[in-house]
Amino acid sequence: MSVTTSRKAQHIAAALDPAVVRRSGPGWPEIELFHEALPELDAEEVELSTDLLGWRLGAPLVVAGMTGGYDGATEINARLARAAERHGLAIGVGSQRTVLDDPSTTASYAVVRECAPTAPVIGNIGASQLIAQGDRPAVTPDDLRSLVDMVHADALAIHLNFLEEAVQPEGDSRTRGCAAAIARAVDALDVPVIVKETGAGMSRSTAARLRDLGVAALDVGGAGGTSFAIIERLRAEQQGDLPQVALGHVLGEWGIPTAAAVAASAGLGLPVIATGGVRSGLDAAKALVLGADVVGVARPLLLAALEGDDAVDTWITQFCLALRTVLLLTGAGSPAALKDKPYVAHGAIRDWLQTLGAVPR
Ligand SMILES: Cc1cc2nc3c(=O)[nH]c(=O)nc-3n(C[C@H](O)[C@H](O)[C@H](O)COP(=O)(O)O)c2cc1C
């Protein structure tokens with residue numbers, strides 16, 4: 001088993017530990033929506049369907065990319081993909097780097113397209129693989145096209161995970177040149193490129209730079225949900241790598257909270273996906289009020305997928321019920337209509353929003 005293959009299995013095992021959720025949250029409790037006592041809207045009129053990158057989704061929800069690359073991932077991806085197909089959601093696969101090292105793992109990714117023939121599927125590769133790292137060469141434009149073809153992807157997500165790489169015992173240390181490599185990837189591909197953080201968020205200036213590189217959408221991947229600094233710290237503990245364990249303790253809470261990262265990235269002319277600590281339809285509504293177009297959810301859907309198809313269905317149905325109810329109670333008939341609704345921000349998130357110039361309406 002290659003290092004990347006065993007790492008993907010270890011990530012799933014570590015993600016089950018409740019300790020991987022960052023203590024300082026994504027900011028949703030500090031955002032409050034205005035109750036509309038006279039909504040003049042019937043529940044049946046509330047519309048959840050949403051457009052993203054030309055796709056029509058049944059709800060503003062993306063199954064965030066998580067896994068692939070080892071045997072156990074096949075069934076997890078199959079269950080998530082079947083749910084995406086049933087509910088009309090977009091679905092991401094986990095980093096396809098593994099398959100470049102070990103082509104025998106292709107099926108664990110390809111299963112997503114097999115089980116979700118019509119859902120928008122998002123391929124995935126790390127920005128750090130777009131440049132050379134030590135004696136490992138950069139992935140080529142042909143490699144990128146083969147990753148897209150492997151899952152018949154409708155978009156490719158390039159993930160930014162430099163916090164994770166810093167804490168990971170065998171992590172990549174080079175980042176110089178990634179921006180230019182992202183621009184080359186945009187040019188090389190026929191499908192849109194989404195740049196996605198993975199739990200440390202992004203600032204407005206970074207979001208604007210990514211837009212200028214030609215990226216089609218941003219997934220802010222904010223802090224407040226699953227923390228990869230903590231996941232890699234747990235792996236470092238198993239390997240007895242004490243300096244990396246200590247670093248993981250110091251940086252476990254690092255990052256821009258998702259609520260702030262959404263407000264920072266909104267209004268730049270790109271669709272915004274809010275991932276990182278979204279746990280309910282109410283959290284999603286708050287992300288949409290702050291300017292997100294859709295939300296992404298990873299860990300809760302992983303836990304549900306490990307239980308089975310019914311658990312994934314139940315989670316999504318409950319998410320949609322809460323979102324639908326909040327849309328009614330705010331008088332917003334659709335997810336897009338939430339963008340015009342007022343909100344109150346308290347505490348640290350208010351400070352973030354004021355610093356960003358995104359003061360609450
Ligand atoms: C087990 C696991 C594996 C992940 N692997 C990837 C990955 O390969 N590529 C990626 O872009 N994001 C990956 N992520 C990050 C998620 O897409 C998401 O950004 C992050 O978990 C925050 O969302 P959450 O708080 O809903 O879990 C992974 C997340 C989990 C839980």
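When a ligand or atom number is given, it counts from 1 through the structure's own listing order.
- Not a single heavy atom of A157 sits under 4.0 Å from any atom of ligand 1.
- Counting only heavy atoms of the protein, atom 23 (O) of ligand 1 lies nearest to T275 CG2, 3.5 Å.
- Contact annotation: for R299 versus ligand 1, heavy atoms closer than 4.0 Å belong to both the backbone and the side chain.
- Residues R184 and P141 form no side-chain contact, since every pair of their non-hydrogen atoms from C-beta on lies 4.5 Å or further apart.
- In the vicinity of G276, heavy-atom distances shorter than 4.0 Å reach the ligand 1 atoms 22 (C), 23 (O), 25 (O).
- For CZ of R279, the number of neighbouring non-hydrogen atoms (other residues, nucleotides, ligands) closer than 6.0 Å is greater than 12.
- Residue contacts with ligand 1, taken as heavy atom pairs separated by less than 4.0 Å, involve T226 via backbone and side-chain atoms alike.
- The nearest non-hydrogen atom to atom 17 (O) of ligand 1, considering only K8, M66, E197, K196, comes from K196.
- Less than 4.0 angstrom separates some heavy atom of A64 from each of these atoms of ligand 1: 17 (O).
- Atoms of ligand 1 lying under 4.0 Å from at least one heavy atom of G225, given by number and element, are 25 (O).
- The side-chain heavy atoms of E170 and R7, taken from C-beta on, include a pair separated by under 4.5 Å.
- Side-chain atoms of H87 and D313 form a donor-acceptor pair, as typed in the model, at a separation below 3.5 Å.
- Side chain of R211 to main chain of L268: a donor-acceptor pair is present (N/O by atom type, distance under 3.5 Å, no hydrogens or angles).
- For ligand 1, the atoms sitting less than 4.0 Å from at least one non-hydrogen atom of T198 are 10 (C), 11 (O), 12 (N), 19 (O), numbered in the order shown with element in parentheses.
- For ligand 1, the atoms sitting less than 4.0 Å from at least one non-hydrogen atom of I12 are 1 (C), numbered in the order shown with element in parentheses.
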Requested in this report: Tell me, with the steps shown, if D190 and R145 meet salt bridge (Lys or Arg N to Asp or Glu O under 4.0 Å).
Outcome: CA-CA 9 Å; D190 295 333; R145 285 187 283 266; over 6 Å; no
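- Environment of CH2 in W55: crowded, with over 12 heavy atoms of neighbouring residues, nucleotides or ligands closer than 6.0 Å.
- Where the criterion is an N or O separation shorter than 3.5 Å, residue side chain and backbone included, H11 fails it with respect to ligand 1.
- Heavy-atom contacts from other residues, nucleotides or ligands closer than 6.0 Å to CG of D187 number more than 12.
- For ligand 1, the atoms lying closer than 4.0 Å to a non-hydrogen atom of H159 are 9 (N), 10 (C), 11 (O).
- Residue contacts with ligand 1, taken as heavy atom pairs separated by less than 4.0 Å, involve R279 solely via side-chain atoms from C-beta onward.
- At a heavy-atom cutoff of 4.0 Å, ligand 1 is contacted by the side chain of A15 but not by its backbone.
- Contact between T67 and ligand 1 is absent, with no heavy atom of the residue lying under 4.0 Å from the ligand.
- Those atoms of ligand 1 that come under 4.0 Å of a heavy atom in S95, given as number and element, are 7 (C), 8 (O), 9 (N).
- The minimum heavy-atom distance between E197 and V220, with the atom names listed, is CB-O, 3.3 Å.
- Heavy atoms of G221 stay at 4.0 angstrom or farther from ligand 1.
- In this comparison of A298, G199, G65, the heavy atom closest to atom 14 (N) of ligand 1 sits on G65.
- Within a 6.0 Å sphere centred on CZ of R176, heavy atoms belonging to other residues, nucleotides or ligands number 12 at most.
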Query raised in the report: For S108 and T105, what are the C-alpha separation, side-chain angles and deciding distance, and is it a side-chain hydrogen bond (donor to acceptor under 3.5 Å, both in side chains)?
Result: CA-CA 6 Å; S108 63; T105 63; 4.9 Å; no
